[in-house]
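Data first, discussion second: the structure below is written as structure tokens.
Computed from a predicted structure; not experimentally measured. So you know, we letter chains A, B, ... as the sequences are listed, proteins then strands, and number each from 1.
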Amino acid sequence: GTVLANEEVTGDGRSERGNFPVYRRPLKQWMLRITAYADRLLDDLGSLDWTDSIKLMQRNWIGRSTGASVRFPVEGSEDLEIEVFTTRPDTLFGATYMVLAPEHPLIDVITPNQWPNDELSNDFASNELDVWKGVFGATDPPPDAVTRYRDFAAAKTDLERQTETKEKTGVFIGAYAINPTNNARIPIFVADYVLMGYGTGAIMAVPAHDERDFAFAREFELPIVPVIRPSDEWLAEHGVAADDATGWVAAYVGDGVAQSSVNDEVALDGLPVDEAKGVVTEWLERSGFGKPTVTYKLRDWLFSRQRYWGEPFPIVYDDEGPIALPDSMLPVVLPDVTDFEPVTSDDPDALPEPPLARAVDWVEVELDLAGPEWAGYGEGPRTYLRETNTMPQWAGSCWYYLRYLDPTNEDAMVDHEVEQSWAQGVRGDGTPKVGLVDLYVGGVEHAVLHLLYARFWHKVLFDLGHVSEIEPFQRLVNQGYILAAAFLDERGAYVDADQVADHNGRYSFEGRAVTREFGKMGKSLRNAIAPDDIYRDYGADTLRLYEMFMGPLDKERPWSMADIVGVHRFLQRLWRNFVDENTGATRVTDAPADDATRRLLNRTIDSVRNDMAGLSFNTAIARLFELNNHLTALVQDGGELPREVAVPMTLMVAPLAPHIAEELWSRLGHDDTLTYESFPEPDAQWLVEDRVEVPVQINSKVRARVEVAIGADAAAHEAAARAEPRIAELLAAATVRQVKVVPGKIVNFVLA
RNA sequence: GCCCGAGUGGUGGAAUGGCAGACACGGCGGACUCAAAAUCCGCUGCUCGCAAGGGCAUGAGGGUUCGAAUCCCUCCUCGGGCACCA
């Protein structure tokens, strides 16, 4: 029952939240002009420490293309022109027809009432008017043909448009344009392969060098004029001529040099594509037919929703139109209502209806808007109507991270000095950071939603002087999706995964066989797993620890409960190493630890610090397992746990399993929380070893291991290796051609 | 179709040019117990061998290197994103 932004619609034409079907309707809605920030959103990605893949997703979504806009005069009109955008101005001489999107406003203006009867004078000669009219203009005059085609195109869903991309449909509108390069008359079509939402909603069609135009031209028997000479390999492979497209079965979209592209004022022949683009664009500007242009895929952001739970717009209406409320009347607060439901309907033509419209007492409001900034509007109390749409959920997530810095400030979003103190800092390479938040961890599903919106708002706030950096998030780490098994019935519909029975690799739902696949957890695949049962059975520490132990943070992985007992056992064992379960007494001693324990403890601290810094929680936990296993052996048969080990162990466990760590901290005799304690640091003297075991290879196969002193040179390594009985035996019967030594790592004898 | 990412034991994973399989699950064996559970200890990639020891092995195939899970090329499979963007 609500409107959504493009970004919230999935590839299947469904809502990102809830998986509901989505329909297109013309509506008057609030938009935010994010397109005004397209260049900065693109350019500033370079100074962020984000993964290449998510930067690429944003770049693709913004979709910046450079090219030229070209104006084609409409034949028989003094001032009407069709403006197109092209990334290939070098192919302008090869434009043999034009296409307008079905929604293009110029169609109504230039469609004549009669089909032309002078088609035989067409420069391209092969005019096939009946073919151009197709099924839509078979018998009726152009306006009826165009209307019928527009109805046909409008009836298609987005999904149908996607799945039928190969089939080109359209109809000649009965009018011609003039190709400004050669004054050729070129027919104008309406076709839904041109989208109103991109560029100007109109294209020049160059079928020789564009796949879609080629397919359309073949369908409608339109001329195909090659103006870029294809590579010799391509010509040979297809067995066709460079200057005659008669036998071509595909457009040539590769590099080459221009041909057949000369008029009295400009000559492109012989120029490579890149140079030809520059030369022809310069001519376009000189002759007034066009200019260099940049276009974006990014659309303005549809910011209205027909929901109760959203921030109300600070907007009221009078007969004249919308009025922004002054600061003194903010914030506008949602009214108390009893019915929060949107009005939903299975009728695709139903218009969305905001729930707030039903709160009549709130909608109708008496205000006095008199004041200098409202001159011409309110003089004295008058009745206004409130805006009943609300903002989308993204409105809050666009700035919440700023509020964390100063959550109790009643006067401002965030105090300027407070914000600046957090904004200082440097990146890993020593350069100043440009993003406020040092590390932001979130799901990749927000790549072109929250992470784009928040960047946009932050830049607006920067421009208004409210924040001191141009980006919100300096370093971004995406945790991988948790995948879960999803199950499809025989019709290809998803069934509730938690109702599926497993019969040794075969699966059934309500007695019927289903097939298994893996996908991201969520409503659409009906495979979400609620954490509540896991809390109940194992506790929050176990769940938290397990999620971090499952694998690398940034990798997607399947959810499986099979291994959770492992981390649960670790926590129980940890507890028993601190507390005697028979007596309840803490078994901690102030006596010193033995050397082996000290070595292991300090190696563990060192490893865990490194792993934590690299967000490698799974390996940090593995190191703690090892230390804990050692402690288990230590306290066996009534042994005691040295305090010098118990304290750092507790502090290392704390970020991973905070509840048990606080409890152990208390058992160690502390009254306060461990939250403000420093993370343990290793004692360097216990990290150094004096000897190291080095594998000895013969022809790259490990045959023995020898111990050498730390810091020993290559000769010492080789001598030690040769002295090893098994190596000596193997070398005795052979000739050594080469010896490779990497001190401390490897000795490799290469035999002749 | 195009663009990213990932393929390692029965399972999740470790190792980012130098001993493949850390740690954990599961499995097998043992201790404890009247018994079971829990707990503790040991073994556990495949394969040939009584053993000593050998061979094979990181999706498939090729390449670089003394040496490749790791770097390069081709292909396959899975996951994600985009998709008539002129």
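Note: CZ (A:Phe625) to C1' (B:rC23) measures 7 Å, nearest angstrom. Rounded to an integer number of Å, the gap from A:Leu624 CG to B:rA24 P is 12 Å.
With a 3.5 Å ceiling on both atom-pair distances, the Watson-Crick or G-U wobble partner of B:rA24 is B:rU11. Searching all strands for a Watson-Crick or G-U wobble partner of B:rC56 with both distances below 3.5 Å returns B:rG45. Pairing of B:rC2, defined by two Watson-Crick or G-U wobble distances under 3.5 Å, is identified with B:rG81. Under the Watson-Crick or G-U wobble criterion, with both distances below 3.5 Å, B:rU64 is left unpaired in every strand shown. Here B:rA51 sits opposite no nucleotide as a Watson-Crick or G-U wobble pair (both hydrogen-bonding atom distances under 3.5 Å).
For the atom pair CD1 of A:Ile186 and CG of A:Leu222, the computed distance is 10.5 Å after rounding to the nearest 0.5 Å.
Residue contacts shown for A:Val750 are limited to sugar-phosphate atoms, with no base heavy atom under 4.0 Å away. Among the atoms of the strands shown, only primed sugar atoms or phosphate atoms (P, OP1, OP2) are found under 4.0 Å from some heavy atom of A:Arg576. Looking at heavy-atom distances under 4.0 Å, A:Asn748 makes contact with a base. Within 4.0 Å (heavy atoms only), A:Val84 reaches no atom of the nucleic acid at all. Among the protein residues, A:Arg703 comes within range of the sugar-phosphate backbone only, with heavy atoms under 4.0 Å from sugar or phosphate atoms but none that close to a base. Backbone-only contact: A:Lys745 has heavy atoms under 4.0 Å from sugar-phosphate atoms and none from a base.
Of the candidates A:Asn577, A:Thr604, A:Thr597, A:Thr597 is the only one forming a side chain to side chain donor-acceptor pair (under 3.5 Å) with A:His630.
For A:Ser65 and B:rA86, the shortest distance from a side-chain N or O to OP1 or OP2 is below 4.0 Å. Within the structure, every side-chain polar atom (N or O) of A:Arg569 is placed at least 4.0 Å from both OP1 and OP2 of B:rA38. Close to B:rA52, at under 4.0 Å from its OP1 or OP2, lies no side-chain N or O of A:Arg726. The shortest distance between the side-chain N/O atoms of A:Arg59 and the OP1/OP2 oxygens of B:rG81 is not below 4.0 Å. Dashed line: the shortest gap from a side-chain N or O of A:Lys701 to OP1 or OP2 of B:rC56 is under 4.0 Å. Remark: A:Asn629 is in phosphate contact with B:rA24, judged by side-chain N or O atoms under 4.0 Å from OP1 or OP2. Residue A:Arg573 places at least one side-chain N or O closer than 4.0 Å to OP1 or OP2 of B:rC40.
B:rC75 sits 28 Å from B:rG12 when the C1' atoms are compared, rounded to a whole Å. The gap from the P atom of B:rU58 to that of B:rA68 amounts to 11 Å, rounded to the nearest Å. Taking the C1' atom of each, B:rG18 and B:rU65 are spaced 12 Å apart, rounded to whole Å. Atom name C1', nucleotides B:rA52 and B:rU64: the rounded distance is 37 Å, in whole Å. Between B:rA60 and B:rU44, the distance separating the two P atoms is 25 Å to the nearest Å. As rounded to the nearest Å, B:rG81 and B:rA20 have C1' atoms that lie 33 Å from one another. Spacing between B:rA15 and B:rG80 at atom P, rounded to whole Å, works out to 26 Å. Nucleotides B:rG55 and B:rA6 are separated by 33 Å at their P atoms, to the nearest Å.
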How would nucleotides 4-14 of chain B be written as a contact map, 5' to 3', with B for base contact, S for sugar-phosphate-only contact and - for no contact, using protein heavy atoms under 4.0 Å? S-S-----BSS
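The aromatic rings of A:Phe189 and A:Phe220 sit perpendicular to each other, their planes meeting at more than 60°, with 30° as the lower class boundary.
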